[in-house]
Protein chains: 2
Amino acid sequence: MTNSQIDDLTNTIASECIAVRLRIVNRVVSKIYDDAFRPLGAKISQMNILVAVGKMGIARPADVCQVLHLDVSTLSRNVERMKARGWLEVIPDEDGRAQPFRLTSAGKKLIEQAAPAWKKAQKQSQELLGVAISGQLNQAVKRIDELT
Amino acid sequence: MTNSQIDDLTNTIASECIAVRLRIVNRVVSKIYDDAFRPLGAKISQMNILVAVGKMGIARPADVCQVLHLDVSTLSRNVERMKARGWLEVIPDEDGRAQPFRLTSAGKKLIEQAAPAWKKAQKQSQELLGVAISGQLNQAVKRIDELT
DNA sequence: TGTCTTTAATTGTATATACAATATTTATAT
DNA sequence: ATATAAATATTGTATATACAATTAAAGACA
């Protein structure tokens, strides 16, 4: 391949690649939420897990991972930190392999305290991305869940 | 706030949060590209930088960061690894602070070799996310660039 | 010219992420 | 009942990411 052909290919990838742009938007939006939650000592990654667990009540790692499409090893480390901060607690289970956990009262309190920051970040993200994006993301996740 | 009110709040955040869904899609799509590039020993994060630099020709870290909305410290470590792999090389500059770099011939070759994998991952992502998403992402990045 | 400020990048530290390997427990098959 | 397989989670390792602090160089200015 000639140098000019490689240039063409490079420009095509740079300008059309879905992953490049998705990752840019992800970084920018994650930063909006991280900035909003910083005074509370929490990050969007942790709030994601917190509300997923809150919704489930009693959550097994594998179930949380299925919902959030996280690797189990990733969740394991995140939960470790969140237990250390007192937001999650492991509860016993008949199955000796399982390590189900749930929100502590501190975890619930954190969600409550974080609500204004979340609303602010959510509004800011909607304004940045436009109204259509929310539905698109819903559809995308729905499709992802169907195919998994 | 009562327990039931916290439950409502939790469910609202879990089901409406833009960041949760954006981050899910980001993980799933990044994995599609990472899987495609794995035989080449590269990751989507690195290919992003590679094509951005390729498009620029001679790239200063701060410029790459502006395009990709990456923190300079993040880029610094990534470039370090990519130099070690022989894909990027630093070139001298009059300004002693600057550390501009460019693709090596091995870097160009990698782009060339990665093209089929990229096309496959790109197609798979388009099918997964639907045709509308690409335009949405374009718009979003455009908006982000305008406001920065 | 010498100090002060600004700019550019790296380094220290912490979290996030995933793959591979491992440990432990439960389920299955013979 | 025992050996094997499957399921569940953790641990080892590497990369990605960002904030804070630092280093180094250039620019501004008195």
Side-chain angles (χ1 to χ4, degrees), chain A residues 19-20 22-39 41-50 59-66 68-85 87-88 90-101, chain B residues 19-20 22-39 41-50 59-66 68-85 87-88 90-101:
Chain A
V20 176
L22 181 57
R23 290 168 62 85
I24 288 172
V25 175
N26 183 60
R27 279 190 291 267
V28 171
V29 170
S30 288
K31 182 166 161 51
I32 290 173
Y33 287 80
D34 278 343
D35 287 347
F37 293 139
R38 188 160 301 120
K43 301 193 71 182
I44 181 61
S45 48
Q46 299 169 333
M47 289 299 302
N48 287 175
I49 293 168
L50 212 62
R60 288 186 313 163
D63 294 337
V64 178
C65 288
Q66 195 183 13
L68 295 180
H69 293 268
L70 269 175
D71 191 86
V72 284
S73 66
T74 300
L75 184 73
S76 185
R77 265 63 179 260
N78 288 350
V79 166
E80 191 175 48
R81 285 182 276 267
M82 294 171 74
K83 280 193 294 188
R85 280 165 183 68
W87 300 334
L88 295 178
V90 171
I91 56 181
D93 195 281
E94 296 134 19
D95 188 333
R97 295 168 299 185
Q99 287 283 298
F101 44 82
Chain B
V20 176
L22 181 58
R23 290 168 61 86
I24 288 172
V25 175
N26 183 61
R27 280 190 290 267
V28 171
V29 170
S30 288
K31 184 166 160 50
I32 290 173
Y33 288 79
D34 278 343
D35 287 347
F37 293 139
R38 187 160 300 120
K43 302 195 69 180
I44 181 60
S45 47
Q46 300 170 332
M47 289 300 303
N48 287 175
I49 294 169
L50 212 64
R60 287 186 314 164
D63 295 337
V64 178
C65 287
Q66 196 183 12
L68 295 180
H69 292 268
L70 269 176
D71 190 86
V72 284
S73 66
T74 301
L75 184 72
S76 185
R77 265 62 179 260
N78 288 351
V79 166
E80 193 176 47
R81 286 183 277 266
M82 294 171 75
K83 281 193 294 189
R85 279 164 182 70
W87 300 334
L88 295 178
V90 172
I91 56 181
D93 195 281
E94 298 135 18
D95 188 332
R97 295 168 299 184
Q99 289 282 298
F101 44 81

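Just so it is clear: chains get the letters A, B, ... in the order the sequence lines come, proteins before strands, and each one is counted from 1.
- In the set C:dT15, D:dA25, D:dT17, D:dT17 carries the atom at the smallest distance from any side-chain atom of B:Thr74.
- OP1 or OP2 of C:dA16 sits under 4.0 Å from a side-chain N or O of A:Ser45.
- The separation between B:Leu22 atom CG and D:dT17 atom P is 14 Å, rounded to whole Å.
- The distance between atom CZ of B:Phe37 and atom P of D:dA16, rounded to the nearest whole Å, is 13 Å.
- A:Leu70 has its CG atom 13 Å from the C1' atom of C:dT15, to the nearest Å.
- Between B:Asp95 atom CG and C:dT6 atom P there is a gap of 17 Å when expressed in whole angstrom units.
- A donor-acceptor pair under 3.5 Å is formed between the side chain of B:Arg27 and the backbone N or O of A:Leu68.
- Of the two residues contacting DNA chain D, namely A:Arg60 and A:Arg23, the nearest-nucleotide position lying further toward the 5' end is that of A:Arg60.
- With hydrogens and angles left out, the side-chain atoms of B:Arg81 and B:Asn78 include a donor and acceptor closer than 3.5 Å.
- As a whole-Å value, the separation of B:Lys43 NZ from D:dA14 C1' is 8 Å.
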After noting the C-alpha distance and the side-chain angles of B:Asp34 and B:Arg38, does the key distance pass the salt bridge (Lys or Arg N to Asp or Glu O under 4.0 Å) rule? CA-CA 6 Å; B:Asp34 278 343; B:Arg38 187 160 300 120; 5.5 Å; no

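- Side-chain to base pairing of B:Arg97 with D:dG27: no donor and acceptor N or O lie closer than 3.5 Å to each other.
- Where B:Val28 and B:Ala62 meet DNA chain C, the nucleotide closest to each residue was compared, and B:Ala62 sits on the side nearer the 5' end.
- Atom-to-atom, CG of B:Leu88 to C1' of C:dA9 comes out at 16 Å; the value is rounded to the nearest Å.
- Between B:Arg77 and C:dG12 there is no side-chain N or O to OP1 or OP2 distance below 4.0 Å.
- Distances from the side chain of A:Gln99 to the nucleotides D:dT15, C:dT17, D:dT10 place D:dT10 closest.
- Both A:Gln46 and A:Glu94 lie near DNA chain C, and the one whose nearest nucleotide falls closer to the 5' end is A:Gln46.
- Contact annotation: B:Arg85 side-chain N/O to D:dT15 OP1/OP2 distance is under 4.0 Å.
- The closest side-chain heavy-atom distance from A:Leu88 to A:Leu50 is below 4.5 Å.
- The phosphate of D:dT10 has neither OP1 nor OP2 within less than 4.0 Å of any side-chain N or O from A:Ser73.
- Atoms NE2 (B:His69) and P (D:dC19) sit 14 Å apart, rounded to a whole Å.
- Side-chain contact between B:Trp87 and B:Ile49 is absent, with no heavy-atom pair separated by less than 4.5 Å.
- For the OP1/OP2 pair of D:dT17 and a distance below 4.0 Å, the side-chain nitrogens and oxygens of B:Asn78 include at least one atom meeting the criterion.
- The phosphate of D:dT17 has neither OP1 nor OP2 within less than 4.0 Å of any side-chain N or O from A:Lys31.
- Side chain of A:Asn48 to main chain of A:Ile44: a donor-acceptor pair is present (N/O by atom type, distance under 3.5 Å, no hydrogens or angles).
- When the nucleotides D:dT10, C:dT11, C:dA16 are ranked by their closest atom to the side chain of B:Glu80, C:dT11 comes out on top.
- Distance, A:Asp71 CG to D:dT8 P: 15 Å, rounded to whole Å.
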